[in-house]
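Report on one structure; see the data block that follows.
Whatever order the structure lists them in is the order used to number ligands and atoms, beginning at 1.
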Amino acid sequence: MTAPSQEQIADYIARSGHAAWEVPGLTAATPRRAIKTVGVIGAGTMGGGISMNFTTAGINVRIVETTQEALDRGLKVVRSNYQRSADRGRFPQDEVEARMARFDGRLAIADLADCDLVIEAVFENMDLKRQIFTELNRVMKPGAILATNTSALDIDEIAGMTDRPQDVIGLHFFSPANVMKLLEIVRAEQTADDVVATCMDLAKTINKIAVLVGVCPGFVGNRILFARQIQANKLVYQGVLPWEVDAALNAFGFKMGPFQMSDLAGLDIGWSKGAKTDNPIRDALCELNRRGQKTQAGFYDYAASRTPIPSAVTEGIIRDITGAEPVSMPQDQIIETCIYPMINEAVKILEENKAQRPSDIDVVWLNGYGWPADKGGPMFFADTVGAPAILAKMEELGAADPAFEPATTLRKLAADGGKFTDIDTGGLKTAKGA
Ligand SMILES: NC(=O)c1ccc[n+]([C@@H]2O[C@H](COP(=O)([O-])OP(=O)(O)OC[C@H]3O[C@@H](n4cnc5c(N)ncnc54)[C@H](O)[C@@H]3O)[C@@H](O)[C@H]2O)c1
C-alpha cells in the first residue's frame, strides 16, 4: 500500500471531525431543550473546569459543594485560572469579573431544582452517585437533563436510580476540562433523542468537539487507553523499563508515553496508604510518596522541572517486584505491542456498537489523547499497517491473555481484505434500537 500523503491525512481528519457531529435519526427538526442555567455538583478538579466552559460561553452556573470551604476553594481555583488568562492579555480584567459573576455557589442540591441541565462531578463512587441521582430525581423540575461526568461507572445503572432514565446522559469531559477539546457524550440505553440533540448542540456552544458513544467500561477513549496501559505494564514485567516504553511511543509521535502520562495524572488515583492493588509497582512507588509529577517523583524523577528523568529508585523497585532480567527490545516491537491492542479494542468497540463509526474513534484519540495527527488516528493508521500484521501480533498477545484475543472483525479483515475505516456499525445500539 502506498503511504498516504499529509494532505490526504489532513483531509481525512477534517472529514472525520465533520462526521462526528452527525447522529443518524437526529435532524434539525429534532426538538431541543432550552438550556439557560446549568447546575454543577462538585467544585473539584472536574466540576470547576466543567463550569468554566459554561461561564466562558455566557451561561450561568449554579454550583453545589458539601461545605463552604470546598466551595470557596473550588471557585478560587476558577478565578485564578481566569486571572492567569487575563494577565496574559487573553481578555480584559472586566471579563474575569463578568465570568465569575455568572457563578452562584450553593450548599444544597435542592437549590438546583430549576436548572435546565445538571452535571454531576463528585467522587467516582457508585454509592455517592446513587445518593445524588436519587435526590436529583426527587427535586429536579420535569424535563431537566441529568448528566454525569463519570469516567467509568455504568450510566445505565445511574439512570436506573431515577424514574426518568430518558433524561439521563453522560457528559464525559477530559482534564483539564476548561482546556481539553474532547467531550464524549454517552448515550445510555434510554436517553431520549432530544436530550442527545441538546447536548450535541451545547457542545458546540461551549466550543467542544463532541463524539457520541455508548455505555461500556471506559467508554471509547479510556477503554482503548486501558488496553495500551495493560500491555505497557506487561512489557515492564518482561524487563523493559518504563522510559524505554515511553521512548518508543514518543518516537511513534505521542508527546507522552503511558508512564509519563501516569506521572502527570498522579499515581495515587484509586490508591490509599497501605493498599495492595493489582499494580504492586504503583503501590510501592506511592508508599515512597512517589505519586507522580505533583510530588516531583513517580516512575520518573523530576528535579526542579517537569522534565522526566529515569529513576534508579523506580528501576530497583521494578527489579525487586518483577524479578525480570533487563531486556533490550527494539522500538518497533514495543510500538506494535502497545498500539495494535488499541486497534483490536477499537474494533471490539465497533462490533459492540459502542461507537457510531470508525472515524469517531480517531476523533476521540486525536483530540483527547494526543494521537499524532500525522498518523490520522488509530483506525486510519490500522489501514496503513494492514489487518494481517495486526492479527499476527494479536494472536501472540491473545495466547498469553484472553482479554487480547483478536476481534472477530479483525480476523475477517485479515482474511477477506477491507478497511478498518470502512467497518460499518449501523450506528449506536441502544435498548430503543436507535
Ligand atoms: N480528574 C479527571 O481527570 C477526570 C476526568 C474525567 C472524569 N472524571 C470524573 O469526574 C468526577 C469528579 O472527579 P474529580 O477529579 O473532579 O474529583 P475531585 O475529588 O477533584 O472533586 C470531587 C468534588 O466533589 C465534591 N463532592 C463530594 N460529594 C459531594 C456532594 N454530595 N455534593 C456536592 N459535592 C460533593 C467534593 O467535595 C470534591 O470537591 C469523577 O466521577 C471522575 O471519575 C475525572
Side-chain angles (χ1 to χ4, degrees), residues 38-53 61-78 81 103-113 115 118-140 146-155 157-158 161 168-186 208 210-211 213 215 217-226 229 256 261-272 291-294 364 367-370:
V38 173
V40 174
I41 308 178
T45 310
M46 295 307 290
I50 290 168
S51 303
M52 288 176 73
N53 291 294
V61 170
R62 213 172 291 159
I63 187 163
V64 172
E65 257 294 348
T66 45
T67 62
Q68 189 63 46
E69 294 71 48
L71 185 58
D72 292 345
R73 197 167 47 238
L75 289 177
K76 196 170 154 204
V77 172
V78 170
N81 281 336
F103 277 98
D104 179 0
R106 303 291 180 104
L107 297 176
I109 287 178
D111 290 352
L112 300 179
C115 287
V118 177
I119 304 172
E120 166 279 310
V122 302
F123 306 127
E124 186 80 335
N125 174 306
M126 197 50 129
D127 287 339
L128 179 57
K129 310 245 181 205
R130 176 174 297 109
Q131 218 177 301
I132 298 220
F133 275 81
T134 304
E135 183 166 7
L136 287 174
N137 186 48
R138 191 163 48 78
V139 304
M140 293 304 296
L146 312 181
T148 173
N149 180 51
T150 181
S151 305
L153 297 176
D154 181 346
I155 300 179
E157 190 180 337
I158 292 175
M161 294 160 194
V168 177
I169 195 164
L171 292 179
H172 185 215
F173 289 83
F174 290 75
S175 184
N178 53 317
V179 175
M180 294 293 289
K181 296 294 269 182
L182 180 65
L183 176 63
E184 282 184 328
I185 297 187
V186 192
K208 294 290 177 199
V211 178
V213 302
V215 176
F219 313 124
V220 166
N222 282 343
R223 181 168 160 182
I224 293 171
L225 180 70
F226 296 153
Q229 192 66 49
M256 283 199 182
M261 240 178 100
S262 299
D263 271 1
L264 178 66
L267 301 186
D268 54 357
I269 296 178
W271 177 87
S272 55
R291 298 183 184 205
Q293 280 195 18
K294 62 185 171 189
V364 166
N367 294 290
Y369 296 85

Looking only at side-chain N and O atoms, does D127 offer a donor or acceptor that is under 3.5 Å from a partner on Q131? no
With a 4.0 Å cut-off, would you call R73 and E65 a salt bridge?
no
Between the CG atom in L182 and the CZ atom in F173, the distance rounded to the nearest 0.5 Å is 10.5 Å
Protein neighbours of ligand 1 with a heavy atom under 4.0 Å, given by chain and number, are I41, G42, G44, T45, M46, V64, E65, T66, A121, V122, F123, E124, L128, K129, I132, N149, T150, S151, H172, F173, S175
d(R62 CZ, I109 CD1) to nearest 0.5 Å is 13.5 Å
Salt bridge present between D263 and K294 (N-O < 4.0 angstrom):
no
So CG of L136 and CD1 of I158: to nearest 0.5 Å the spacing works out to 11.0 Å
